[in-house]
Amino acid sequence: MKDSPKNPDRRKLLKAIGGATAAGAATSFMSGCGSEHHRENLSFQEVPHSLDFNHHLPQGYSADILLRWGDPIVANLKEFEPKQLTAKGQSQRFGYNNDFIAFMPLAENTPAGHGDIHCQSGNSDRGLLCVNHEYTQPHLMFSGYNDEYSATRGVSAEHVAIELAACGHSVIEITRTDKGWQPVLESPYNRRITATTPMQISGPASGDKRLQTTADPSGTQVLGTIGNCAGGKTPWGTVLVAEEGFGGAFQGDPNKIEDTREARNHLDFGVRPHNRNLGDYDPRFDIQQEPNEPNRFGWMVEYDPYDPQSIPRKLTTLGRFEHEGFTLVCKPGQPVVAYGGDDDEHQFVYRYVSKEAYLPKDPTHNRNLLTEGTLYAARFDADGSGKWLPLVFGQGPLNSNNGFHNQADVLIDARQAAALLGATPMDRPEDVETNPHNDCTYVMLTKNKSRAEDGVDAANPRHQNTAGHILEIVPPIKPGKKTGRDHTSDQFRWQQFLLGGNPNAENPKERGAYGQQSTYNISNHGWFTNPDNVAFDPHGNMWVATDGCERFGFHDGLWAMATEGPMRAAPKHFFGCPQGAEVCGPEFTPDGTTLFIAVQHPADALNSTYDHPLHRWPDNNPELPPRPSVLAIYRDDGGEVGS
Ligand code: FEO
Ligand code: CA
Ligand code: CA
C-alpha cells in the first residue's frame, strides 16, 4: 500500500475503514469475497464529470429514449399534450418520476400466467418493463404554478386526480427491433397500477384493527400504492414494489390524534398539517378524518405482471417503514432470504427469511413464500461481526410492556421494534442487494447529515455524512462446505466496501476511499457520492446509481466497478444525467447487452417550473416540459454493456 502524496492520511483512513477485513480474514466468512472469480471487463471509455442539460454516455454507446412521462401505454392514443391531460388519460399513459425498473422476460409461445417459465426463458429480446413512479411534482407537471411550495399545498382537484393516476407503477411490453427497443402498445400485458388501484393486505397485520378505516372496516383491502421507490423481483415471476415516502401524501396534525401511539407513528413518517392538500379532496389523506389510513402504507407490494388481472397485495410480513426495496436470494430447497433498507436517517437494514423452502418446480408453493416468515434487523458490531435480530412478538422486549400486543403491532411499528432490539441506526439505507457472483450483500448508505460527532460508529464512520458509503455483508460459509454462503445464518461479518467522496478532498469529511490499494486505481471522474440504487451485470460487476452528486459540483449518474480482484471498489464513470435529475433503477437484460435506467426529476432545481423550466430534456421542445424518462442503453456493436 502506497499513500498518495496528496493524501497522507489515506493509509490511516483505509486502516480504519478496512478493519473488518483484517479481523475476518482468517475465518470462513471471508474466503471467496474480494478474491475469487473476478473479471475485469470494464473497458469502456470513462465519461467525465460535468453538469449540463444533456445525458452523457461513453463513446460507442447509444441510448433509446424508451418511455417518457405521458407516453401512451395502450394503442390508439394521441401524442402527449400535457395541457390536455386528464386523470383518465394519465391512467393510460406512462407515469411520473420513474424509479425502480424490473425487466421480466417474455418466453416465446408461452401464454399469460406462468411467470416462472417466462423468467427462466432469459429472453433478452422481449419482455415486460415494470417501472415504479415514485412521486409527482405539480409545479413541473402543470402550467400556472409559480413555485413548488404553492403547487404542493394548493393543487386543484383536477390536478390531484391526475397526480394520483401518475403515481404507482407501469407495466409495458417492450421488444428489441432493428430500430432499437420499442414499446408494444397492443400488448394485453400493459397496465397501470396507481394510487387508487384496489389491493389486498396479506400477512399477520391483515385485518388488524389499526388497519381498519371507514371505507374498509375489514382492514384487508386498500386503494393504491404511493412513494414507489425501488423494489425487487422473484424467480416465480412476481415484482415487488416498495412504499417509501408515503407520509408526505397525508395531511393533518398528528398531535391532535388521541391515540399517542398513532400520533408518534404518524409524526415519525412525516405526516404534517401542511404537507399536501390531497385530503381536501379525498378524506382518507387527512389523518384527522381517517387516522388509520397511513398504517395501510409503508409496506412492500407484490404483484404478477404476467397476469394482467392480478390484484396486487401488500406484504405485511416485510414490515412497515420507508421501504427502499427488497431483493431476494433464492437457493433451491432453502428458505428465501430477502434484504431491504429503511431510507431515513438513523433507520435500519432488514432481512426476511421465509418459513418454507424455495422449490423451483412448484410455482404455486412459491407464491406464498413472502407471506409467512421472519423479519430481522441488523446489528453491526465494531469488530466486524454482525447479528440479525428477529422481530417476533413475545421475544425479548417485544411485548405489551413496550406497547406491542401482537405480531401486527411489531410489523406496523417495525422501526420501534428494531430500535428496542438494539439494531444499528444507519446512514439512510437505500438498495440492499446480493452479488450472485460472490454471494455477498451490499448496502447502499446514501448520506446522513444528522450523524452526530459522538454518534459515529464503525458501520457509519462519518460525522454528518454528506457523501454516503457502501457496506459489504459477508454471510458465513455453511459448516463443512467450501462454497455457498448461508444467508439464513443469524451471524455475519461485514466491512466497508467504499466511502463516497473525493479521494483527494482536503476536508476529511468529504474525502472518499475506494479500492483496496490506492487512489491511482480511479480517475478524477471515477469518484462519486450518495449511492442509491445498485445492480450487478452478468459478470458480477457492481453498477451504482447516485442521488446527490450535484452538491459536489457534477451530475448524478452511474459508476461501475468490480467487487473482486485488484480493481475491487475502483469505480469508472459510465453515465451522466441532465441537470436536476438522479439515476434510478439500473437493470440489465439477462444477456447484459442492454442496460435500462430511469432518469428521475430532470430539471428539478430552484425556481424551475413547468412554465419556466431549467431545461426541457429529453425532447428539447418548447411545447413540452422536462419529462422523467426510461433509457435503454446499448453498445453500438451489440456487445455487452461495460465490456
Ligand atoms: Fe426514493 Fe430512497 O430513494
Ligand atoms: Ca432510491
Ligand atoms: Ca433517491
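In each ligand, atom 1 is the first atom listed, and ligand 1 is the first ligand listed. Just so it is clear, the values below take in all heavy atoms, side chains as well, and ignore hydrogens, waters and symmetry mates.
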J.: Can you name the side-chain hydrogen bond (donor to acceptor under 3.5 Å, both in side chains) partners of Trp69, sequence neighbours left out?
T.: Gln90
J.: Would you call Asp268-Arg415 a salt bridge at under 4.0 Å N-O?
T.: yes
J.: Count, excluding waters, the protein N, O or S atoms that are closer to the Ca ion (ligand 3) than 3.0 Å.
T.: 3
J.: Regarding Asp619 and Arg616, does a basic nitrogen lie under 4.0 Å from an acidic carboxylate oxygen?
T.: no
J.: Per the ring pair (Phe, Tyr, Trp, His ring centres under 6.0 Å) rule, which among Trp559, Trp543, Phe528 passes with Phe574?
T.: Trp543
J.: Count up the protein N, O or S atoms sitting under 2.8 Å from atom 1 (Fe) of ligand 1, would you?
T.: 3
J.: May I ask you to decide whether Glu322 forms a salt bridge with Arg428, counting only side-chain N to carboxylate O separations under 4.0 Å?
T.: no
J.: Considering all heavy atoms of both residues, which atom of Pro305 and which atom of Thr238 are nearest to each other, and what is their separation?
T.: CD-CA, 4.1 Å
J.: Please identify each residue that fulfils ring-ring contact (aromatic ring centres under 6.0 Å, His included) with His159, with sequence neighbours left out.
T.: Phe142, Tyr145
J.: Do the charged groups of Glu345 and Lys447 touch, with an N to O distance under 4.0 Å?
T.: no
J.: Looking at Phe269 versus His266, is the centre-to-centre ring distance below 6.0 Å?
T.: no
